[in-house]
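Here is the structure we will look at, set down as structure tokens.
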Amino acid sequence: MPEPSTYDRIYAAARRIPRGRVSTYGWIAELAGVPGAARQVGYAMAALPAHTTVPWHRVINAQGRVSIRAGGDPRLEQRFLLEAEGVAFDANGRVSLERFGWRGRRRKEE
DNA sequence: GCAATGACGCTCT
DNA sequence: CAGAGCGCCATTG
């Protein structure tokens, strides 16, 4: 069987994010086994369907800010979802990665 | 197979 | 702390 594509790894890593915690694209990329491919993480998230089971809303950028897609401001929805999980935003709409930032530790080290 | 794109990251100013 | 510039890698056309 063929090995999972980078996107699949990214989705798997995103699913590992516990509820009430947030991760960054860089960490997800690292967990996916492709460090430095933070852009692909965001790209993969953008390719996610609306009915996906992946907690994409728990994935934010390394600046602790919620990235935005095209159109209006879908970031508000992501913020709402995170707040519903217990993640607090500051007045600037920023999340304290020091508090909610969860770095998934990879089980397989090589 | 090559060129362009893209929910990004890090460093310097 | 905020803003701007360069580099990164995988997917799509």
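Just so it is clear, the structure is predicted and the values come from calculations on it, not from any experiment.
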Q) Which stems does DNA chain B form, counting runs of 3 or more consecutive Watson-Crick or G-U wobble pairs with both distances under 3.5 Å? A) B:2-6 with C:9-13, B:8-13 with C:2-7

Q.
Could you measure the distance from the OH atom of A:Y43 to the OH atom of A:Y7? Nearest 0.5 Å is fine.
A. 5.5 Å

Q. What's the shortest heavy-atom distance between A:A13 and A:L31, and which atoms?
A. CB-CB, 3.7 Å

Q) How is A:R65 classified with respect to the nucleic acid when contacts are heavy atoms under 4.0 Å: base, sugar-phosphate, or nothing? A) nothing

Q: Could you name each residue pair satisfying salt bridge (charged side-chain N to carboxylate O under 4.0 Å, His left out) that touches residues 83-94 of chain A, not counting sequence neighbours?
A: A:R58-A:E85, A:R79-A:E83

Q: For A:F89 and A:V66, run side chain to side chain contact (heavy atoms under 4.5 Å, CB included): C-alpha distance rounded to whole Å, both residues' side-chain angles, the deciding distance at 0.1 Å, then the answer.
A: CA-CA 10 Å; A:F89 281 75; A:V66 178; 3.6 Å; yes

Q) Mind checking whether A:V54 and A:V59 sit in one hydrophobic cluster, side chains of I, L, V, M, F, W, Y counted as touching below 4.5 Å? A) yes

Q) Using a heavy-atom cut-off of 4.0 Å to chain A, what are the terminal contacting nucleotides of DNA chain C, in 5' to 3' order? A) C:dA2 to C:dT11

(Q) Quick check on contacts: within residues 43-52 of chain A, what sits under 4.0 Å from DNA chain B by heavy-atom distance? (A) A:Y43, A:M45, A:A46

Q: Taking all non-hydrogen atoms of both residues into account, name the closest pair between A:F100 and A:R21 and its distance.
A: O-CD, 3.3 Å

Q) Taking CD from A:Q63 and P from B:dA7, how many angstroms apart are they, rounded to a whole number? A) 15 Å

Q) Would the number of heavy atoms belonging to other residues, nucleotides or ligands and lying under 6.0 Å from CZ of A:R99 be above 12? A) no

Q: Would you name the heavy atoms of A:P55 and A:A14 that are closest together and state the gap between them?
A: CG-O, 3.2 Å

Q | Atom of A:S23, atom of A:I28 and distance for their closest heavy-atom approach | A | OG-CD1, 3.8 Å

Q) A:I10 CD1 to B:dC8 C1': how many Å, rounded? A) 11 Å

Q: Return the set of residues passing side-chain contact (heavy atoms from CB on, under 4.5 Å) with A:L81 (not counting sequence neighbours), or none when no residue passes.
A: A:W56, A:H57, A:E77

Q: Write down the distance between CG (A:N61) and C1' (B:dC10), rounded to a whole number of angstrom.
A: 13 Å

Q. Once you round it to whole Å, what is the distance between P of B:dA4 and CZ of A:R39?
A. 15 Å

Q. If you look only at pairs with a residue in residues 45-55 of chain A, which of them pass as a salt bridge (charged side-chain N to carboxylate O under 4.0 Å, His left out), with sequence neighbours excluded?
A. none

